[in-house]
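In what follows, chains carry the letters A, B, and so on, assigned in the order in which the sequence lines appear, proteins first and then strands, with residues in each chain numbered from 1.
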2 protein chains.
Amino acid sequence: MQEFCSDVCKRLQSAPSAPSFGGRVSITIKDVAREANVSVATVSRALNGHENVAPDVRQRVLEVADRLQYSPHHAARSLSSRRTQTIGVVLPDLYGEFFSELMRGIDAVAREAGRHLLVSSYHGNPDEQGAALRAMRGRVDGLLLMSPFVADADPLAGQALGMPAVLLNSGARAGLPALNVDSYHGARTMTRHLLSAGHSRIAFIAGPTDNFDAHERLRGYRDGLADSGSAPWVLPGDFDEASGHAAGRELLESGERPDAVFAANDMMALGCLFAFNQAGVRVPHEIALAGFDDIPLARYVHPGLTTMRVDIAALGARALRTLMAQLADPDTPVAAERLEVALVVRQSCGVAPV
Amino acid sequence: MQEFCSDVCKRLQSAPSAPSFGGRVSITIKDVAREANVSVATVSRALNGHENVAPDVRQRVLEVADRLQYSPHHAARSLSSRRTQTIGVVLPDLYGEFFSELMRGIDAVAREAGRHLLVSSYHGNPDEQGAALRAMRGRVDGLLLMSPFVADADPLAGQALGMPAVLLNSGARAGLPALNVDSYHGARTMTRHLLSAGHSRIAFIAGPTDNFDAHERLRGYRDGLADSGSAPWVLPGDFDEASGHAAGRELLESGERPDAVFAANDMMALGCLFAFNQAGVRVPHEIALAGFDDIPLARYVHPGLTTMRVDIAALGARALRTLMAQLADPDTPVAAERLEVALVVRQSCGVAPV
DNA sequence: CTGTTAGCGCCTTCAG
DNA sequence: CTGAAGGCGCTAACAG
């Protein structure tokens, strides 16, 4: 035992200049090669599972590597192999349940595929976004990018990503494969559902004006209302509880109350619900309420919230699968896909089973 | 303009063997050097802000680099400099608001410090945890590790991390710097608050038995009750709404109802609240309710939830700051720190201002 | 099957 | 102040 590791032990003890890591020196492929009496090439082959290595040699190499606790240096490996085994994820933010769920879906697939995740958020700032994208170069094999801002100037237009990428909830652009939640059809369906339940004055609490999904949902609401004779009634919102709460109060104070309120997402619907609760207005008896997303809390509030279910984790998972396919075969046809959403009827609209 | 980029343009057009990345070739330091009529060494120095470069030369180099959209290749840089500019974040999971908030805090500091984040979750599986830690070697300069499972065998004991690391909400072990939410004192404070508000039969909805924080909160509850004459009354829970809901129902059905319920976290408190709502039991009139965490919804439910505020984003931010200090100076003394929590009194305990 | 060798792109002495 | 040159650790031809 001792004899085998003498060389390395000596190096460990008398490392001339301790390279970082708290004075530790790391074991390289050379150390393994020397201990196993083979060349570095053979070690590389053995460790990477190539076929052209004699069984006994492979065995010996693996043992030595294990004993020395060798672990290949990632930077070196990816510098020479030109692959990083890492996927870059660039998001507008990391805050809230949406991103959390998204990451969960992405993470599951990444783990399954043995890929690492380099995450970065740009806080809605186009400059930071550019910087984040640039910084990904040489660190990742592909990119998952979410850029939901419907700015006049497409921040991606000028960015040569220089690598395969998939767009998430960002519309379709730059000839990249894209995957979007089908917000438009979802919102239209919900609006029609409310109409068919007998509501005619349906108010809509919108999302941020520069957000792609918010835009699609508003469009779906308007189109859903189109032939009904009902006029659109839109309040501003921000996708958070606070703005839903504010919108709820505003609705109560308006001269003519709506029959139903459709919030562009569940968090706003909940904020609105609490505003109604505080004012003693009963849901659904006096006003019906609907949301969008089906967050976990939607089923626990009282009354249960009617909403559109969006499987966000599936969104992330599917996006990464698309990217992996692109990575495996760059000629995979590029398409824009939609993630289906589903109407979930609960008590908040007054037409639900108990 | 054209003349300057002729060389590179030619290369881009007639790259002999397109090296990965969908057939694109990337611009290297050599390209910049050639365009700027200097050596690669000078480019390197100029771009890295070293002082020994003539102002006009630096200017020219920066211009060329900008025009060519040059961005250094990470793997190459970290191979030669032995630093990755990346922090590894190893978490038990990526699911839910807690991790989302944690990541937000970490991300803010990382961005501020120009560091990237390599995230990985191990789904509560010790083997996966080991694999994740091993895979971090050579890819990151330091580690933020959350390992809240109070298993008999410390999964970290055998792991030579081989690099600076900070433990998050994982107790104190392995001689690593640690940062923990002060769950014990928080729970004790809350329990005493409930007692002093006149409640004597206080039930506690516990968290997962193998979770460090859950354990600390339970301990705080017991100690808070210690000299009061009240007996502990503990129900199992899982930190999610569903288990809080179940516990709430169980409490209602028990022969002797409690005066107050203290849930080990807000999600369970909300689940419990909805169970009470459904049963028509009024909070706080019939039963007082308290939680722990102060998630955003806590202030929007009706009645507002009395809870202990935990600044999770601050937890992440502080942990990364500690790690950065460790990275900057390995001799920084190692200590276990506590993140203070604060009592937030709302209406759910019946002693609050409206 | 195995060893030798030439880079991958960048940083960093060491001479000028 | 600047250029030339030697690696960093690993992979991938190319010869044996």
Side-chain angles (χ1 to χ4, degrees), chain A residues 8 11 15-21 24-34 36-61 65 68 70-85 134-135 137-139 141 162, chain B residues 8 11 15-21 24-34 36-61 65 68 70-85 137-139 141 162:
Chain A
V8 173
R11 279 191 56 211
S17 69
S20 84
F21 286 0
R24 260 196 198 78
V25 346
S26 15
I27 289 153
T28 77
I29 199 173
K30 276 188 180 170
D31 299 316
V32 178
R34 185 158 15 76
N37 284 314
V38 292
S39 71
V40 293
T42 299
V43 174
S44 175
R45 285 188 283 249
L47 260 32
N48 288 313
H50 293 197
E51 285 311 311
N52 46 351
V53 181
D56 59 324
V57 175
R58 175 192 306 277
Q59 175 70 16
R60 181 153 37 100
V61 170
L68 263 38
Y70 167 72
S71 124
H73 191 288
H74 169 256
R77 194 208 282 261
S78 73
L79 179 57
S80 71
S81 71
R82 325 263 313 145
R83 292 184 317 112
T84 64
Q85 303 287 56
R134 239 166 293 124
R137 185 199 157 209
R139 329 184 73 144
D141 299 329
Chain B
V8 172
R11 279 192 55 212
S17 69
S20 82
F21 288 1
R24 264 196 196 77
V25 344
S26 12
I27 290 153
T28 78
I29 197 173
K30 277 187 179 172
D31 300 315
V32 179
R34 185 159 13 80
N37 283 316
V38 292
S39 71
V40 294
T42 298
V43 174
S44 175
R45 284 189 283 251
L47 259 33
N48 288 313
H50 292 195
E51 284 312 310
N52 46 352
V53 181
D56 57 327
V57 175
R58 173 191 307 279
Q59 175 71 16
R60 181 154 36 101
V61 170
L68 263 38
Y70 167 72
S71 123
H73 190 285
H74 166 72
R77 194 207 282 261
S78 74
L79 178 57
S80 67
S81 71
R82 322 274 302 156
R83 293 183 315 111
T84 65
Q85 303 286 59
R137 229 177 304 187
R139 324 185 125 223
D141 298 330

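Nearest heavy-atom pair, A/Leu68 versus A/Ile27, reported as atom, atom and distance to 0.1 Å: O-CD1, 2.8 Å. In terms of heavy-atom proximity, B/Leu79 sits nearest to A/Ala75 at N-CB, 4.0 Å. Considering all non-hydrogen atoms of both residues, A/Thr28 and A/Tyr70 come closest at C-CE1, 3.5 Å.
Between the axis at the start and the axis at the end of the helix from C/dC1-D/dG16 to C/dG16-D/dC1 there is an angle of 40°, using five pairs per end and rounding to 10 degrees.
The side chain to side chain donor-acceptor pair (under 3.5 Å) test applied to A/Ser78 returns no partner, not counting sequence neighbours. For B/His74, the side chain to side chain donor-acceptor pair (under 3.5 Å) partners at least two apart in sequence or on another chain are A/Arg139.
The residue among B/Val57 and B/Leu79 whose nearest nucleotide of DNA chain D lies closer to the 5′ end is B/Val57.
One atom, CD of A/Glu51, and another, C1' of C/dT2, lie 15 Å apart when rounded to the nearest Å. Between the CD atom of A/Gln59 and the P atom of C/dT2 there is a distance of 13 Å, given to the nearest Å. One atom, CG of B/Asn52, and another, P of C/dA15, lie 17 Å apart when rounded to the nearest Å. The distance from atom CZ of B/Arg34 to atom C1' of C/dG9 is 14 Å, rounded to the nearest whole Å. Between the CG atom of A/Asn37 and the P atom of C/dC1 there is a distance of 20 Å, rounded to whole Å. When rounded to the nearest whole Å, the span between CZ of A/Arg60 and P of C/dC1 equals 15 Å.
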Base versus backbone protein contacts along nucleotides 10-16 of chain D [heavy-atom cut-off under 4.0 Å; B, S, -] | BSBB---
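When side chains are defined from C-beta on, B/Arg60 counts as touching B/Val57, because their heavy atoms get closer than 4.5 Å.
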Pairs of donor and acceptor atoms involving the side chains of residues 40-56 of chain A, under 3.5 Å and at least two apart or interchain, shall be tabulated with distances.
| from | atom 1 | to | atom 2 | distance (Å) |
| --- | --- | --- | --- | --- |
| A/Thr42 | OG1 | A/Ser39 | OG | 3.3 |
| A/Ser44 | OG | A/Asn48 | ND2 | 3.4 |
| A/Asn48 | OD1 | A/Arg77 | NH1 | 3.1 |
| A/Asn48 | ND2 | A/Ser44 | O | 2.9 |

